[in-house]
Amino acid sequence: TKAGELIIDRSPGGRDGVKRNGGDPDRFVGAIAAVVEDVAARKFHLGSVAIGPVLLAVLSAVRMDRVPLDPAFGNLVSAIVVLEGIGRQLHPELDLFAVAVPMLAKHVVNSLT
């Protein structure tokens, strides 16, 4: 649920912005939690999880619940799709969660201070 809450918290207007757009923030959080649980159940190795469909599921939830996104998110999605292709060729057993979570946590802590 934390991933969905973070997306909403960083969207323009937050939960109120989603509601103003006619969306349901709680349903969105549930949809994102389902995506994360599905990926986590298969481990996040590039050989077993295609990132494109995961991002499509996230973007479908964004569209369905009318979550306004920071424009930088589009750039991030494009970069991830490119990196997936490169990473799949170089090291398909790389666990992206194991590598990315410590870096993301450090970034979040630095951005809060």
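Ion pairing between Arg15 and Asp26 holds under the 4.0 Å rule for side-chain N and carboxylate O.
In plain terms, the two heavy atoms of Pro68 and Ser11 that are nearest each other are O-CB, 2.6 Å. Closest heavy-atom contact between Ala61 and Ala31: CB-CB, 3.9 Å. Taking both residues in full, the closest heavy atoms of Ala3 and Val36 are given as CB-CG2, 4.0 Å, listed atom of the first, atom of the second, then distance. A pairwise comparison of heavy atoms in Ala57 and Val35 identifies CB-CG2, 3.7 Å as the closest pair.
The shortest distance between side-chain heavy atoms of Phe28 and Val18 does not fall below 4.5 Å.
Note that the CD1 atom of Ile32 and the CG atom of Asp65 stand 9.0 Å from one another [nearest 0.5 Å].
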Walk me through it: do Arg63 and Leu59 pass the test side-chain contact (heavy atoms from CB on, under 4.5 Å)? CA-CA 6 Å; Arg63 182 183 43 80; Leu59 293 176; over 6 Å; no
